[in-house]
Visitor: 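Quick one: the structure is below, questions incoming.
First the proteins, then the strands, lettered A, B, ... as listed; each starts at 1.
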2 protein chains.
Amino acid sequence: MKQSIDFTTLQEKVTATIREAIFTQTFKPGERLIQDELAAKLGVSRMPIREALRCLEREGLVEVLPHKGAQVIGISKEDIEELYYLRSFLEGVTVQKSMNFLTSGDREELQHLVEKMDQDIRNNNLDLFVTHNQEFHTLLQKGCNWKKVKMLNKQFIEGYPAHVPSLIPHSMQVSNEEHKAMLEALDQKDPVKLRQLVEHHIMRAGEKLTQLIE
Amino acid sequence: MKQSIDFTTLQEKVTATIREAIFTQTFKPGERLIQDELAAKLGVSRMPIREALRCLEREGLVEVLPHKGAQVIGISKEDIEELYYLRSFLEGVTVQKSMNFLTSGDREELQHLVEKMDQDIRNNNLDLFVTHNQEFHTLLQKGCNWKKVKMLNKQFIEGYPAHVPSLIPHSMQVSNEEHKAMLEALDQKDPVKLRQLVEHHIMRAGEKLTQLIE
DNA sequence: TTTTGATGGATTGTATCCAATCTTAGTTTT
DNA sequence: AAAACTAAGATTGGATACAATCCATCAAAA
């Protein structure tokens, strides 16, 4: 059952819609996004479209050129390598800085999420796994007071279909085992080890993904 | 002599103006930026203002909340530490990947820029030094085919007053000596060493800056 | 006294219209 | 035939007008 999220602004709704369309290849890489067409298709004026395109530009999904308009950015194998390399570093830094500020409540919540993910695997529920996985990663970063890096992590996740990694066979099991290792590092109060685990976790996913693409 | 740059779009002009005002503390951290006021002050409509605010949001200079508007982001000592830490890593990666694709022409151009900076120091010309320094760093990254990381580097430079580091006494001399060391690493065709030099170069500047602030 | 609720002003969000710019196809010129 | 110019159509940029939302103030009720 899919509950519709009510956005506070039309622009946000439009942004989400276009982003989805890019992820699902409805808009293909290189394709021009004409404001009038989108406006007509979505039943709104061009104004929210324009702002949405700016947001998507920031996320790295489209390119906006002055007086020429927006184009969907293509994603190459090289881009994926880059993305995961950057993500592994950035998220690594974040959790290292975050760890010592996590409460015991956070620790419990993380444990719960891991258990939920185990259940999701048993139920073969991809969507839920992706959600819980994202919650896990976000919570692990909660204690970090560096703002820019957290914003980047968020952007990288938004700017890339979170579902893709889950398409890799058996990746969910491995993934969740690594989550458990992270919890151990947390109990041992070893931020450097936690960081290494996170870095490896993400790099591994990236490598799997690039292998799959070939 | 200051030649006025002609932007292709009003929005770009507005963006530059507001950014400058934030850097010069005309708009202070925490201050609300009201679209109507800005529009009246700059003699344009609210439309280019809105887009400009989105751009500045991406650069991390303002925060835009739905139905509430934009606020100037404050920069704390912690933020500077974060910024330089991230920049040193990101620019380090970029030059490492870039080096082997730099042409001998690029090498010469870099040499020229270093010489120009030496001259700028003798003439005590801060503005020109900043410009040449920026050109040097940009050119050093030219060969890198990773797009996201290059975009981030650009954003970080735009989103932070490039002049600030130059305010540190004698930092220009030290800085340019380090540039020369980079050229050596380039001649030795040692990307890893180049990366380390760049990382150290930026981290040092960041540390100097945070010391100065106290 | 504190809290709740309404009301008006301020500000942002969206729609529509016009102007500026780019693109393309056709025509002319060399 | 190829290159350069021109004009019309398409598309984006910007201005103005109106609607939706927020917020502070004050009044009324608990």
Side-chain angles (χ1 to χ4, degrees), chain A residues 4-22 26-74 151 158, chain B residues 4-22 26-74 151 158:
Chain A
S4 70
I5 312 154
D6 61 332
F7 299 95
T8 66
T9 258
L10 244 187
Q11 175 251 103
E12 291 179 28
K13 211 184 308 185
V14 171
T15 307
T17 307
I18 301 179
R19 181 170 30 211
E20 192 64 25
I22 292 176
T26 309
F27 296 135
K28 296 192 174 45
E31 186 171 341
R32 275 188 71 188
L33 297 179
I34 283 122
Q35 299 176 0
D36 266 328
E37 284 182 17
L38 291 171
K41 206 166 289 180
L42 300 178
V44 299
S45 90
R46 267 176 52 217
M47 215 54 46
I49 305 276
R50 279 166 66 167
E51 306 231 315
L53 291 176
R54 288 259 172 243
C55 287
L56 295 169
E57 183 187 28
R58 170 175 46 197
E59 291 175 15
L61 290 177
V62 307
E63 185 183 13
V64 178
L65 296 172
H67 296 289
K68 298 188 74 176
Q71 265 190 204
V72 179
I73 296 268
M151 202 173 76
E158 279 174 355
Chain B
S4 71
I5 313 155
D6 61 330
F7 298 96
T8 67
T9 257
L10 242 187
Q11 175 250 103
E12 292 179 28
K13 212 185 307 187
V14 171
T15 307
T17 307
I18 301 179
R19 180 166 41 214
E20 191 65 25
I22 292 176
T26 307
F27 296 137
K28 296 191 175 44
E31 185 171 341
R32 276 188 70 188
L33 297 179
I34 283 125
Q35 299 176 0
D36 266 329
E37 283 182 18
L38 291 171
K41 206 167 288 182
L42 301 178
V44 299
S45 91
R46 269 174 50 215
M47 215 54 46
I49 305 276
R50 288 176 67 99
E51 305 229 317
L53 290 176
R54 289 258 173 243
C55 287
L56 294 169
E57 183 186 29
R58 171 175 44 198
E59 291 175 14
L61 290 177
V62 307
E63 185 183 12
V64 178
L65 297 172
H67 295 291
K68 297 188 76 177
Q71 264 190 213
V72 180
I73 296 268
M151 203 173 75
E158 280 173 355

Visitor: In Å and rounded to the nearest 0.5 Å, what is the NZ to OG1 distance from K41(A) to T17(A)?
Guide: 12.0 Å

Visitor: With a cut-off of less than 4.0 Å, is there a side-chain N or O of R50(B) near OP1 or OP2 of dG13(C)?
Guide: yes

Visitor: Expressed in angstrom and rounded to an integer, what is the separation of E37(B) atom CD from dG9(C) atom P?
Guide: 19 Å

Visitor: Should the pair E51(A)-R54(A) be classified as a salt bridge under the 4.0 Å nitrogen-to-oxygen rule?
Guide: no

Visitor: Can you check the I49(B) CD1 to dT14(C) C1' distance for me, whole Å?
Guide: 18 Å

Visitor: Let's go through L38(B) and Q35(B) carefully: what are the C-alpha distance in whole Å and the side-chain angles of both, what is the deciding distance for side chain to side chain contact (heavy atoms under 4.5 Å, CB included) to 0.1 Å, and is it a yes or a no?
Guide: CA-CA 5 Å; L38(B) 291 171; Q35(B) 299 176 0; 5.9 Å; no

Visitor: Let me know, please, whether R32(B) or T9(A) comes out on the 5' side of the other along DNA chain C by nearest nucleotide.
Guide: R32(B)

Visitor: Closest-nucleotide mapping onto DNA chain D: is E51(B) or R46(B) further toward the 5' terminus? I mean the 5' end.
Guide: E51(B)

Visitor: From the options dT11(D), dA15(D), dT12(C), select the nucleotide whose nearest atom is closest to the side chain of I34(A).
Guide: dT11(D)

Visitor: In whole Å, I'd like the distance from the CE atom of M47(A) to the C1' atom of dA20(D).
Guide: 16 Å

Visitor: Check Q11(B) against A52(B) and note the closest heavy-atom contact, atom names and distance.
Guide: CG-N, 3.8 Å

Visitor: State which of dA15(C), dT12(C), dA15(D) makes the closest approach to the side chain of Q35(B).
Guide: dT12(C)

Visitor: Can you check the E12(A) CD to dT14(C) C1' distance for me, whole Å?
Guide: 14 Å

Visitor: Whole-Å distance between dT12(C) P and L38(B) CG?
Guide: 9 Å

Visitor: dT11(C) P sits how many Å from E31(B) CD, rounded?
Guide: 13 Å

Visitor: Counting distance only, does the side-chain N/O of S45(B) pair as donor-acceptor with the main-chain N or O of M47(B) below 3.5 Å?
Guide: yes

Visitor: Calculate the interatomic distance between Q11(B) atom CD and dG14(D) atom P; express it in whole Å.
Guide: 7 Å

Visitor: Answer with base, sugar-phosphate or nothing: what part of the nucleic acid does L33(A) contact at a heavy-atom distance below 4.0 Å?
Guide: sugar-phosphate

Visitor: Looking only at the side chain of K68(A) (C-beta and beyond, no hydrogens), which of the listed nucleotides dC22(C), dT12(C), dT16(C) gets closest?
Guide: dC22(C)

Visitor: In whole angstrom, give the distance that lies between atom NE2 of H67(A) and atom P of dT21(C).
Guide: 6 Å

